Trainee: 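A single structure is presented below for examination.
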Protein chains: 2
Amino acid sequence: MDQVEIFKALSNKSRLQILNWLKEPETNFPDQAVHGYANGVCVGQIQIKAGLTQSTVSEYLSTLQRAGLVKSSRVGQWTYYQRNEEGFALLNQIIQSEI
Amino acid sequence: MDQVEIFKALSNKSRLQILNWLKEPETNFPDQAVHGYANGVCVGQIQIKAGLTQSTVSEYLSTLQRAGLVKSSRVGQWTYYQRNEEGFALLNQIIQSEI
DNA sequence: AAGATATATCGACTTTTTCCGATATGCCAA
DNA sequence: TTGGCATATCGGAAAAAGTCGATATATCTT
């Protein structure tokens, strides 16, 4: 994974918020309870909370996924996103040893 | 310090390289030896190594300084830059607890 | 005081990012 | 199989970042 790509993904207020919200999905996305939290939170919930358009949020989640910071799983018509802690481990490693 | 500003500063290959080079100034900037390494490395040395114009390097160093990742000290006609480890400590903290 | 050197700032142009609305795709239910 | 959701992708306008050459500023030397 490219270091610059990771930092670019983190260079946006809304994307940082999304990552932070996904640390505690139950707290930050109560309406997701209907679907459960096992696979993460669906795009629509994130969109509402972020206050951006659907297309923008979808795009942002793709950006975060390309950077390895979240992972997704499709279940029916929903796509659930959750943090990818491996990506954060890599980020820590980059900061410790490559910067 | 603003989180987004820090990550933007890190979202550039050349700036990442500069930060990395400044981890071992003696190794990466041997010609700096004449001036010593106590206050860091002067802009000209960094410019040569980076292969960018003087104005670009000066701008990049300002960007890194605004983000708190380097600090500078003027000595005569030279400005020396060195890593600001406090900034990196803050970065670690941000990643651990705010993202 | 004048010229040389190091760095910073300015103005301009190009590329990238941000964010949107519109449209396409995939999946479900009747 | 048609209509309705959820999500993804496309195309574009505006803002920001990347990068340069030219110029300004500060300092040193003579």
Side-chain angles (χ1 to χ4, degrees), chain A residues 2-19 22 29 31-37 39-67 69-82, chain B residues 2-19 22 29 31-37 39-67 69-82:
Chain A
D2 181 28
Q3 297 161 237
V4 173
E5 196 177 6
I6 296 176
F7 291 122
K8 279 188 179 172
L10 294 170
S11 297
N12 177 283
K13 189 79 180 292
S14 297
R15 287 194 297 264
L16 286 181
Q17 282 183 317
I18 291 170
L19 289 174
L22 289 177
F29 303 98
D31 294 352
Q32 177 70 32
V34 199
H35 299 288
Y37 298 95
N39 296 298
V41 179
C42 66
V43 179
Q45 294 298 318
I46 299 172
Q47 191 229 313
I48 292 167
K49 181 123 183 162
L52 297 167
T53 63
Q54 188 271 320
S55 62
T56 298
V57 171
S58 178
E59 172 66 31
Y60 280 7
L61 289 167
S62 290
T63 299
L64 290 171
Q65 185 163 33
R66 275 195 303 277
L69 297 169
V70 301
K71 52 190 176 184
S72 71
S73 49
R74 183 111 202 198
V75 178
Q77 52 196 146
W78 290 278
T79 307
Y80 297 99
Y81 283 90
Q82 59 188 313
Chain B
D2 180 29
Q3 297 161 238
V4 173
E5 198 177 4
I6 296 176
F7 290 122
K8 278 188 180 172
L10 294 170
S11 297
N12 176 283
K13 188 79 180 291
S14 297
R15 288 193 297 265
L16 286 181
Q17 282 183 315
I18 291 170
L19 289 174
L22 289 177
F29 302 98
D31 293 353
Q32 178 69 31
V34 199
H35 300 288
Y37 298 95
N39 296 298
V41 179
C42 66
V43 180
Q45 294 298 318
I46 299 172
Q47 191 229 314
I48 291 166
K49 181 123 182 162
L52 297 167
T53 63
Q54 188 271 321
S55 62
T56 297
V57 171
S58 178
E59 171 66 30
Y60 280 8
L61 290 167
S62 290
T63 299
L64 290 171
Q65 184 163 34
R66 276 196 303 276
L69 297 170
V70 301
K71 53 190 175 185
S72 70
S73 49
R74 182 111 201 198
V75 179
Q77 52 196 145
W78 291 277
T79 307
Y80 298 99
Y81 283 91
Q82 60 188 312

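Worth saying up front: this structure is predicted, and the values here are computed from it rather than measured. Each chain gets a letter, A, B and so on, in the order its sequence line appears, and its residues count up from 1.
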Trainee: To the nearest Å, give me how far apart NZ (A:Lys13) and P (C:dT17) are.
Mentor: 20 Å
Trainee: Under 4.0 Å from OP1 or OP2 of C:dC19: is there any side-chain N or O of A:Asn12 that close?
Mentor: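 Indeed, a polar side-chain atom of A:Asn12 lies that close.
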Trainee: Record whether the side chain of A:Gln54 comes under 3.5 Å of the base of D:dA8 through a donor-acceptor pair of N or O atoms.
Mentor: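 Result: at least one qualifying N/O pair found.
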Trainee: A side-chain contact here means heavy atoms from C-beta on lying under 4.5 Å apart; do A:Leu69 and A:Leu10 qualify?
Mentor: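 Yes - at least one pair of side-chain heavy atoms lies under 4.5 Å apart.
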Trainee: Does a side-chain N or O from A:Thr56 land closer than 4.0 Å to OP1 or OP2 of C:dC19, or not?
Mentor: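 No, A:Thr56 has no side-chain N/O under 4.0 Å of OP1/OP2 on C:dC19.
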Trainee: Need one value for B:Thr79: base, sugar-phosphate or nothing, where a base atom within 4.0 Å counts as base even if backbone is also close, heavy atoms only.
Mentor: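 It contacts sugar-phosphate atoms only.
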Trainee: To the nearest Å, how far apart are A:Leu52 CG and C:dG21 C1'?
Mentor: 14 Å
Trainee: Are any of A:Thr53's side-chain N or O atoms less than 4.0 Å away from OP1 or OP2 of C:dC19?
Mentor: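 No, A:Thr53 has no side-chain N/O under 4.0 Å of OP1/OP2 on C:dC19.
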Trainee: Could you state the CD1-P distance from A:Ile18 to C:dC19, rounded to the nearest angstrom?
Mentor: 11 Å
Trainee: If you go through the side-chain atoms of B:Glu59, does one of them form a donor-acceptor pair with the base of C:dA8 closer than 3.5 Å?
Mentor: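 Side chain to base: no pair below 3.5 Å.
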Trainee: Judged by atom type as modelled, is there a donor-acceptor pair below 3.5 Å linking the side chain of B:Gln32 to the main-chain atoms of B:Cys42?
Mentor: yes
Trainee: Whole angstrom is fine here: how far is it from CD in B:Gln65 over to P in C:dT7?
Mentor: 14 Å
Trainee: Quick one: is B:Ser14 getting a side-chain N or O under 4.0 Å of the D:dG18 phosphate, OP1 or OP2?
Mentor: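 No.
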Trainee: Relative to the ring of A:Phe7, is the ring of B:Phe7 parallel (under 30°), tilted (30 to 60°) or perpendicular (over 60°)?
Mentor: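 Parallel: the ring planes of B:Phe7 and A:Phe7 meet at under 30°.
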Trainee: Whole angstrom is fine here: how far is it from CD in B:Gln47 over to C1' in C:dA8?
Mentor: 13 Å
Trainee: Are the side chain of A:Arg74 and the backbone of A:Gly76 linked by a donor-acceptor contact shorter than 3.5 Å?
Mentor: yes
Trainee: Take atom CG of B:Leu16 and atom P of D:dG18, then tell me their distance rounded to the nearest Å.
Mentor: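 About 11 Å, once rounded to whole Å.
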Trainee: Think B:Tyr81 has a side-chain N or O under 4.0 angstrom from the OP1 or OP2 of C:dA8?
Mentor: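 Result: yes.
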Trainee: I'd like to know if B:Gln77 reaches the base of C:dT5 with its side chain such that a donor and an acceptor end up less than 3.5 angstrom apart.
Mentor: yes
Trainee: Think A:Arg15 has a side-chain N or O under 4.0 angstrom from the OP1 or OP2 of C:dT18?
Mentor: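 A:Arg15 to C:dT18 OP1/OP2: side-chain N or O found under 4.0 Å.
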Trainee: Mind checking whether A:Tyr60 and A:Leu52 have side chains closer than 4.5 Å, heavy atoms only?
Mentor: yes
Trainee: Closest-nucleotide mapping onto DNA chain C: is A:Ser55 or B:Leu61 further toward the 5' terminus? I mean the 5' end.
Mentor: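 By nearest-heavy-atom nucleotide position, the 5'-most residue is B:Leu61.
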Trainee: Without decimals, in angstroms, what is the distance between A:Trp78 CH2 and C:dC28 C1'?
Mentor: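 Result: 8 Å.
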Trainee: In terms of the nearest nucleotide of DNA chain C, which residue is placed more toward the 5' end: B:Lys8 or B:Tyr80?
Mentor: B:Tyr80
Trainee: Roughly how many Å is it from CZ in A:Arg74 to C1' in C:dT25, rounded to a whole number?
Mentor: 8 Å
